Protein chains: 2
Amino acid sequence: MNEHVHETADLTKNQTLVMGALTRSKGPLSAYTILDQLRDNGFRAPLQVYRALDKLVEFGLVHRLESLNAFVACRHPGCDGDDTIAFMICERCGQVNEITDTALAMRLKQLAGEASFALKKTTIELRGICRTCQVA
Amino acid sequence: MNEHVHETADLTKNQTLVMGALTRSKGPLSAYTILDQLRDNGFRAPLQVYRALDKLVEFGLVHRLESLNAFVACRHPGCDGDDTIAFMICERCGQVNEITDTALAMRLKQLAGEASFALKKTTIELRGICRTCQVA
DNA sequence: GTATGTGACGTTATCTCATTACAAGATTGC
DNA sequence: GCAATCTTGTAATGAGATAACGTCACATAC
Ligand SMILES: [Zn+2]
Ligand SMILES: [Zn+2]
Ligand SMILES: [Zn+2]
Ligand SMILES: [Zn+2]
């Protein structure tokens, strides 16, 4: 099996529970919100959530939103190979849209190159109001 | 005077102190680090720092780095009119470089437009190793 | 089989980051 | 003066994240 593809079967019990909570949620969740949701499943301490989240982020199944201190399940199948993901976060409904754009990624890499900056990770988060919330 | 330009004279005592701490620093500072540095100036509580920071960010004199939960003095004179700023953050020395790029900003606006997303604020933070730290 | 290593797990305590709530001064406009 | 507004001071609390410790299950080596 491809070592980079992680399916449900690969996940531990705690990882599966955390992944489930994020998948069920419409928007991003904080670690403590996840903890509260999983109390009935035996979760008692933040570390149980953070440890699972670390792995899920490492697997690429979950993304961390820096501007929200929250986590969201990846809903963008093609993002696996792409390390330059942009998030559009609606400040009204909380929904998050994940997009990858070649031109955007290229330009960022170029800017980093011009500065001789060894790029490791990019964070792009757009805050605003989504289409649905604008008409409402 | 231009209402968008804030000089030292416009700042209150606390705002001036916080601005000074950030200007003196080589890299970004957390709110609590600033608090510690200003204890001798009468600072006693986090809120004194956060209130000043809120205003300084509002004035455009200071930027918040979401991925660090820290603040940095603006060292990019041209960034005032531009709301699409990218930060290059060196993970070794901590120094932050601030850049604005028209092509980057345009592409982001275009992507938002295509999704009918009413863009309010963009966060772009690049993590990596700066030129100086690579050779060292 | 036993030793050893590794990874996940549980628990407590602690640390860092940020805000709420309330009161007291200072400033401005009338 | 007086009200409105802004800034400040202080205490308490909420929210996010990690350190340090020990335990358990399982795989591999001998
Ligand atoms: Zn994704
Ligand atoms: Zn929305
Ligand atoms: Zn700036
Ligand atoms: Zn550096």
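Every value quoted in this text rests on a predicted model; they were computed, and no experiment measured them. Naming convention: chains lettered A, B, ... in sequence-line order (proteins, then strands); numbering from 1 in each chain.
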**Item:** Single hit among A:T123, A:L119, A:L108 for side chain to side chain contact (heavy atoms under 4.5 Å, CB included) with A:T84
**Value:** A:L108
**Item:** Interatomic distance where CG belongs to B:N69 and C1' belongs to C:dT16 [whole Å]
**Value:** 9 Å
**Request:** Measure from the side-chain heavy atoms of A:K55 and tell me the nearest of C:dA21, D:dG16, C:dA8.
**Result:** C:dA8
**Request:** May I ask whether B:Y32 stacks on the base of C:dT16, given the cut-offs of 5.5 Å between ring centres and 30° between planes?
**Result:** no
**Request:** Give the nucleotide from the list C:dA18, D:dA11, D:dG16 with an atom nearest to the side chain of B:P46.
**Result:** C:dA18
**Sidechain N-carboxylate O distance under 4.0 Å for B:D83, B:K121** = no
**Message:** Please tell me if B:T12 has a side-chain N or O lying less than 4.0 Å from either OP1 or OP2 of D:dC6.
**Reply:** no
**Prompt:** Can a donor-acceptor pair be found between the side chains of B:S67 and B:E125 at a distance below 3.5 Å?
**Reply:** yes
**Request:** Look at the side chain of A:R51 and decide which nucleotide, out of C:dT11, D:dT8, D:dT10, has an atom nearest to it.
**Result:** C:dT11
**Message:** Rounding to an integer number of Å, can you tell me how far A:E58 CD sits from C:dG7 P?
**Reply:** 11 Å
**Asked** Would you say C:dA8 has OP1 or OP2 under 4.0 Å from some side-chain N or O of A:K13?
**Response** no
**Request:** For B:N14 and for A:A31, find the nucleotide of DNA chain D with the closest heavy atom, then tell me which residue's nucleotide is more 5'.
**Result:** B:N14
**Prompt:** Is any side-chain N or O of B:Q48 closer than 4.0 Å to OP1 or OP2 of D:dT8?
**Reply:** no
